[in-house]
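Following: one structure in structure tokens, then a few remarks.
In what follows, every chain begins at residue 1, and chains take the letters A, B, ... in the order their sequences are listed.
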Number of protein chains: 2
Amino acid sequence: MSLSVGQVSRLAGVTVRTLHHYDEIGLLSPGERTAAGYRRYTDDDLVRLQQVLLYRELGFPLEEIAVILDDPRVDELTQLRRQHELLIRKSDRLREVITAVERAIEARARGITLTPEERLEVFGAFRPEDHDAETERRWGGTDAYADSRRRVASYTKADWLALKAEAAAVGEELAAAYTAGLPAGGEPAMDLAERHRLHISRWFYTCTYDIHRCLGELYVSDPRFTAVYDEAAPGLAGYVRDAIAANAARHDH
Amino acid sequence: MSLSVGQVSRLAGVTVRTLHHYDEIGLLSPGERTAAGYRRYTDDDLVRLQQVLLYRELGFPLEEIAVILDDPRVDELTQLRRQHELLIRKSDRLREVITAVERAIEARARGITLTPEERLEVFGAFRPEDHDAETERRWGGTDAYADSRRRVASYTKADWLALKAEAAAVGEELAAAYTAGLPAGGEPAMDLAERHRLHISRWFYTCTYDIHRCLGELYVSDPRFTAVYDEAAPGLAGYVRDAIAANAARHDH
DNA sequence: CATGAACCCTCACGCCACGTCAGAGGCAAA
DNA sequence: TTTGCCTCTGACGTGGCGTGAGGGTTCATG
């Protein structure tokens with residue numbers, strides 16, 4: 001039931017040389033040897049190998065791995081649990097990097113230039129839990145935001161042009177309806193609100209009527225958004241919010 | 001607006017030596033130097049540094065990174081997109097490793113021993129998309145399963161004992177009700193089904209009535225589950241399913 | 001103006017985790 | 001016995017820096 005170096009190497013996806021090396025430094029010596037001196041790995045050796053590879057994947061130096069694994073006070077289950085936590089942490093870190101890249105892509109695709117700080121932020125050493133607190137709070141833990149990021153990241157330049165043209169068209173028509181004095185609760189305004197909702201669903205994330213309502217509120221409560229609309233026509237932000245609300249209400253019956 | 005080595009190193013979370021090294025091998029040479037020979041990094045240099053660090057994080061050798069970045073046919077956006085995909089792939093890989101560790105923890109905590117293949121599988125070289133097809137299919141892409149894994153991974157031995165005792169109690173009472181001839185649609189049986197549902201919610205994942213119904217079906221359709229129940233009393237699996245269905249129906253009105 | 005303290009420079013050697021031969025032997029099937 | 005594939009033990013090489021040594025630069029103080 002014991003395995004040769006070659007078999008173990010194939011099973012574990014490491015080279016024979018690596019196994020030799022681990023034997024040399026005493027990190028993982030096979031439990032047995034044949035008369036001819038061939039290494040024979042037992043099941044226990046493979047358990048240890050799994051541990052070694054996991055800690056290695058986590059970036060520990062081999063010497064330290066030996067110390068960790070040879071601690072007699074710590075059993076396998078505890079090791080696994082430690083590894084699990086470290087892996088989760090690594091996974092979180094990776095997600096941050098991915099988000100940063102998505103942000104960079106988005107910025108680049110729209111022609112915005114990020115500051116060096118924004119670009120390199122994710123590599124910086126210690127950063128406390130500022131994380132994405134604002135976004136989290138605002139979107140209440142939905143994954144619409146992550147969803148959006150992921151989709152946006154795959155857009156080509158052409159996609160962005162189409163997207164912006166579409167957004168501009170809806171925006172202009174809303175502004176026109178507003179300046180023409182059409183009521184926010186009227187059919188034309190509500191239809192435009194619906195187009196706005198579909199635009200978001202198509203390009204960013206599934207925008208339910210509830211989410212759309214929240215967005216409407218945001219347009220008047222968040223100055224950064226308000227500015228965009230009110231630049232086109234003062235008071236437009238509020239008009240848009242009302243049209244969205246009316247459209248959502250119409251849909252609810 | 002240019003930065004010194006020290007400033008860049010702090011910003012990017014790398015050592016000064018690393019920046020010197022990148023300059024030495026021609027991977028990233030600062031755009032300017034002061035009269036005294038001090039390195040001065042421009043914004044463009046920082047953009048390049050971001051790229052370098054990303055590819056490095058992805059495990060590329062420095063020499064290859066130079067080749068990739070110096071390809072004149074590929075612009076920054078394309079680079080970012082490539083990086084994004086590689087990062088996603090890495091993230092998926094990491095999730096697999098985490099799942100494997102969770103499986104190992106679970107097995108260990110219950111006293112089951114995994115085969116070496118199962119343990120080392122995740123490290124093996126090429127593995128096609130067998131992934132978790134069965135689980136995926138069965139649970140229809142809900143994240144109840146992942147949820148469960150994550151929670152289970154943090155249980156101590158004591159937790160497992162409590163968990164098993166609780167499960168055994170519910171199981172025995174169900175068997176007793178069945179052998180006593182109590183109807184599956186009766187109040188006692190339905191109450192037991194509800195306790196069963198709460199047990200799952202408490203220890204594994206949020207078990208809605210719908211999910212619970214599916215579980216009931218599973219108990220009669222999957223021989224591995226059927227065996228567990230019918231071992232206690234032949235026909236118990238079907239009884240449990242009916243009790244679960246009745247309890248769910250009761251809840252729906 | 002001198003004097004630290006904090007930067008920065010260029011060698012140059014060291015280290016870790018293997019990769020990559022070389023030369024020799026082991027083993028099962030043909 | 002030959003053929004083909006393992007496996008063994010040295011031993012040197014390599015990539016990506018770490019870690020000094022020895023010395024110049026800059027700038028706010030005494």
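In terms of position on DNA chain C, the residue among A:Ala36 and A:Ile25 whose nearest nucleotide sits closer to the 5' end is A:Ile25. Nearest-nucleotide assignment on DNA chain C puts the 5′-proximal partner with B:Arg33, out of B:Arg33 and A:Tyr22.
Summarising the geometry, the separation between CZ on A:Arg40 and C1' on D:dT7 is reported as 10 Å, rounded to the nearest angstrom. Computed from coordinates, the B:Glu63 CD to D:dT14 C1' distance equals 11 Å when rounded to whole Å. One atom, CG of B:Leu53, and another, P of D:dC17, lie 9 Å apart when rounded to the nearest Å. Nucleotide D:dG15 holds its C1' atom 20 Å from the OH atom of B:Tyr55, rounded to whole Å. Across the protein-nucleic acid pair, A:Ile65 atom CD1 and C:dA17 atom P stand 8 Å apart, rounded to whole Å. The interatomic distance linking B:His21 (NE2) with C:dG14 (P) rounds to 18 Å, in whole Å. Note: CD (B:Gln7) to P (C:dA6) measures 16 Å, nearest angstrom. To the nearest angstrom, C1' of C:dA17 lies 16 Å from CD of A:Glu57.
For A:Val5, whose side chain is taken as the heavy atoms from C-beta onward, the closest listed nucleotide among C:dG19, D:dT26, D:dT7 is D:dT7. Between D:dG16, C:dC9, D:dT7, one nucleotide has an atom nearer to the side chain of B:Tyr38 than all others, and that is C:dC9. Comparing D:dC17, D:dT9, C:dT10 against the side chain of A:His20 picks out D:dT9 as the nearest. Closest approach to the B:Pro61 side chain among D:dC17, D:dG16, C:dG19 is made by D:dG16 (side chain taken as heavy atoms from C-beta onward).
Close to D:dG16, at under 4.0 Å from its OP1 or OP2, lies no side-chain N or O of B:Arg56. Taking only side-chain nitrogens and oxygens, B:Ser4 never comes nearer than 4.0 Å to OP1 or OP2 of C:dC7. Within the structure, a side-chain polar atom (N or O) of B:Thr18 is placed less than 4.0 Å from OP1 or OP2 of D:dG18.
Applying the 3.5 Å distance criterion, the base of D:dT19 shares a donor-acceptor pair with the side chain of B:Arg17.
A:Thr34 comes within 4.0 angstrom of no nucleic acid atom, judged by non-hydrogen atoms across all strands.
Using modelled atom types and a 3.5 Å distance limit, the side chains of B:Gln51 and B:Gln83 yield a donor-acceptor pair. B:Gln7 and B:Tyr41 form no side-chain donor-acceptor contact under 3.5 Å, judged by distance and modelled atom types alone.
A salt bridge does not link B:Arg103 with B:Glu96: none of the charged nitrogens is closer than 4.0 Å to a carboxylate oxygen.
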Could you go through B:Asp92 and B:Ile88, starting from their C-alpha distance and side-chain angles, then the distance that decides it, and tell me whether this counts as side chain to side chain contact (heavy atoms under 4.5 Å, CB included)? CA-CA 6 Å; B:Asp92 290 346; B:Ile88 293 287; 4.0 Å; yes
Tell me, with the steps shown, if B:Val97 and A:Leu54 meet side chain to side chain contact (heavy atoms under 4.5 Å, CB included). CA-CA 9 Å; B:Val97 175; A:Leu54 273 170; 3.6 Å; yes
